[in-house]
Each structure stands twice: as structure tokens, then as C-alpha cells.
Amino acid sequence: QVQLVESGGGLVQTGGSLRLSCVASGRAFSSYAMGWFRQAPGMEREFVATISWTGPTTFYADSVKGRFTISRSNARNTVWLQMNSLKPEDTAVYYCAADASRYATSKQGDYDYWGRGTQVTVSS
């Protein structure tokens with residue numbers, strides 16, 4: 001069992017930056033691939049970024065490529081999402097997720113554990 005707790009969300013102006021954190025508790029964090037997803041009001045949850053269990057492999061949604069960076073520290077049981085050049089369309093609840101398969105994936109169904117989310121609001 002893995003528990004995930006996100007933090008770092010908030011209100012920021014267009015062009016600003018935020019860094020989201022996700023701290024995992026439980027067993028064997030280092031063996032999980034990790035992902036970030038988001039859900040805007042009235043929209044379905046969508047993939048944002050993912051990182052493999054040892055960190056060398058990352059994938060990003062086209063909408064965030066070049067602006068967001070996912071990283072992890074297995075020693076600290078933490079995964080981060082650095083978000084730069086934020087836009088109003090990035091406004092959403094951001095969720096952290098863990099996938100026991102170890103391999104980076106954009107498919108929500110591949111993830112075994114989810115956090116409760118953190119709100120990010122980008123004002124225009």
C-alpha cells in the first residue's frame with residue numbers, strides 16, 4: 001500500500017511558476033513509476049507527466065512540454081512537478097499517482113495509487 005500526499009498548489013499569475021510535491025509513504029516507493037495528472041472543472045482527468053522508477057525516462061503531454069519538468073528522489077520518497085510559464089488553461093486539480101509496473105506510462109488505468117490532489121489556479 002502506498003499513500004500519496006500532494007502539496008504546493010496555489011494561485012499564480014500567468015507566466016508564473018509553481019513546484020508541486022508528492023510525498024509517498026508505505027512500501028517500496030523506489031520501485032514505482034510516478035505520474036502527474038490534472039482535472040479542470042467540467043473536464044476529464046488528463047495526463048501531464050510521468051517518470052520511471054529510477055528516473056531516466058520521462059514523458060510529457062504536448063500541452064506542457066518545455067514548460068513542466070518531473071523529477072524524483074527515491075531517498076526522499078518524493079516526486080516533483082516544476083511548472084513554469086503557467087497559463088490560465090493550466091488551472092486544474094493536480095493529482096500524483098504511483099504505478100507498480102515501474103515503467104513510465106501516460107495511461108491512467110496503469111496507476112495503482114492516487115493522491116487527493118492539489119489545486120492550481122492561474123489568473124489571467
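Quick note: residue numbers are just sequence positions, from 1.
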Enquirer: Could you verify whether a donor N or O on one side chain and an acceptor N or O on the other, from Ser30 and Asn74, lie under 3.5 Å apart?
Expert: no

Enquirer: Is the shortest distance from a Lys or Arg side-chain nitrogen in Lys107 or Asp99 to a carboxylate oxygen in the other one below 4.0 Å?
Expert: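 No, Lys107 and Asp99 are not salt-bridged.
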
Enquirer: Roughly how far, to the nearest 0.5 Å, is CD of Glu89 from CE of Met43?
Expert: 11.5 Å

Enquirer: Is there a side chain to side chain contact (heavy atoms under 4.5 Å, CB included) between Arg19 and Ser7? Walk through the geometry before answering.
Expert: CA-CA 9 Å; Arg19 188 172 83 152; Ser7 63; over 6 Å; no

Enquirer: Could you tell me which non-hydrogen atom of Ser17 sits nearest to which non-hydrogen atom of Ser85, and how far apart they are?
Expert: OG-N, 4.3 Å

Enquirer: Within the side chain of Arg72, is there an N or O that forms a donor-acceptor pair under 3.5 Å with the backbone of Ser52?
Expert: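 At least one qualifying donor-acceptor pair exists.
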
Enquirer: Using 0.5 Å steps for rounding, measure from the CG atom of Leu20 to the CG atom of Leu81.
Expert: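 It is 5.0 Å, given to the nearest 0.5 Å.
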
Enquirer: Determine whether Trp36 and Tyr113 fall in the same hydrophobic cluster, where Ile, Leu, Val, Met, Phe, Trp and Tyr are linked whenever their side-chain heavy atoms lie under 4.5 Å apart.
Expert: yes

Enquirer: Could you walk me through whether Phe37 and Tyr95 pass ring-ring contact (aromatic ring centres under 6.0 Å, His included), step by step?
Expert: CA-CA 5 Å; Phe37 293 80; Tyr95 297 91; 8.7 Å; no

Enquirer: Please work out whether the ring planes of Tyr94 and Phe68 are parallel, tilted or perpendicular, with thresholds of 30° and 60°.
Expert: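 Judged by the thresholds at 30° and 60°, the geometry between Tyr94 and Phe68 is tilted.
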
Enquirer: Any chance you could lay out the side chain to side chain contact (heavy atoms under 4.5 Å, CB included) test for Ile51 and Thr57, step after step, and finish with the verdict?
Expert: CA-CA 6 Å; Ile51 186 167; Thr57 302; over 6 Å; no

Enquirer: For the pair Asp62 and Lys65, find out whether any cationic side-chain nitrogen is under 4.0 Å from an anionic carboxylate oxygen.
Expert: yes

Enquirer: With rounding to the nearest 0.5 Å, note down the distance linking CD in Gln108 to CZ in Arg45.
Expert: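 Gln108 CD to Arg45 CZ: 4.5 Å, rounded to 0.5 Å.
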
Enquirer: Which heavy atom of Thr14 sits nearest a heavy atom of Ser124, and at what distance?
Expert: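 Heavy atoms of Thr14 and Ser124 come nearest at OG1-CA, 3.4 Å.
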
Enquirer: Please tell me whether Asn84 and Gln82 have a donor and an acceptor in their side chains that are separated by less than 3.5 angstrom.
Expert: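 Yes, a side-chain donor-acceptor pair sits under 3.5 Å.
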
Enquirer: Are Val79 and Cys96 packed together at the side-chain level, in the sense that at least one heavy-atom pair is separated by less than 4.5 angstrom?
Expert: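 SC-SC contact between Val79 and Cys96 confirmed.
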
Enquirer: Could you give me the CA-CA distance, side-chain angles and deciding distance for Thr54 and Arg102, then say whether side chain to side chain contact (heavy atoms under 4.5 Å, CB included) is met?
Expert: CA-CA 8 Å; Thr54 55; Arg102 303 188 176 188; over 6 Å; no

Enquirer: Say you draw a straight line from CD1 of Ile70 to CE of Met83; how long is it, rounded to the nearest 0.5 Å?
Expert: 12.0 Å

Enquirer: Measuring from atom OH of Tyr60 to atom OG1 of Thr58, what distance do you get when rounded to the nearest 0.5 angstrom?
Expert: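 Here the interatomic distance stands at 4.0 Å.
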
Enquirer: Would Phe59 and Ser106 count as a side chain to side chain contact (heavy atoms under 4.5 Å, CB included) if you check the C-alpha gap in whole Å, the side-chain angles of each, and the deciding distance to 0.1 Å?
Expert: CA-CA 8 Å; Phe59 296 123; Ser106 63; 5.9 Å; no

Enquirer: With a 4.5 Å limit on heavy-atom distance, are the side chains of Trp80 and Ser73 in contact?
Expert: yes

Enquirer: Check Leu4 against Ala98 and note the closest heavy-atom contact, atom names and distance.
Expert: CD1-N, 3.7 Å

Enquirer: Could you state the interatomic distance from CD (Gln3) to CG (Asn77), rounded to the nearest 0.5 Å?
Expert: 11.0 Å

Enquirer: Please tell me if the side chains of Arg76 and Val23 come closer than 4.5 Å, counting only heavy atoms from C-beta onward.
Expert: no

Enquirer: Is there a donor-acceptor pair under 3.5 Å between the side chain of Ser31 and the backbone N or O of Phe29?
Expert: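 Not confirmed, Ser31 side chain does not pair with Phe29 backbone.
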
Enquirer: In terms of hydrophobic clusters joined by side-chain contacts under 4.5 Å, are Met34 and Leu18 together?
Expert: yes

Enquirer: Testing the basics here: between Ala104 and Ala33, what is the closest heavy-atom pair and its distance to 0.1 Å?
Expert: N-CB, 4.0 Å

Enquirer: Hydrophobic clusters here meaning ILVMFWY residues chained together by side-chain heavy-atom distances under 4.5 Å, can you tell me if Val64 and Val12 are in one?
Expert: yes

Enquirer: Regarding Thr50 and Tyr111, is there a side-chain donor-to-acceptor distance under 3.5 Å anywhere?
Expert: yes

Enquirer: Determine whether the side chains of Gln13 and Ser123 contain a donor N or O and an acceptor N or O closer than 3.5 Å.
Expert: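 No - no donor-acceptor pair under 3.5 Å links their side chains.
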
Enquirer: Does Glu6 use its side chain to pair, donor to acceptor, with the backbone of Thr118 at less than 3.5 Å?
Expert: no

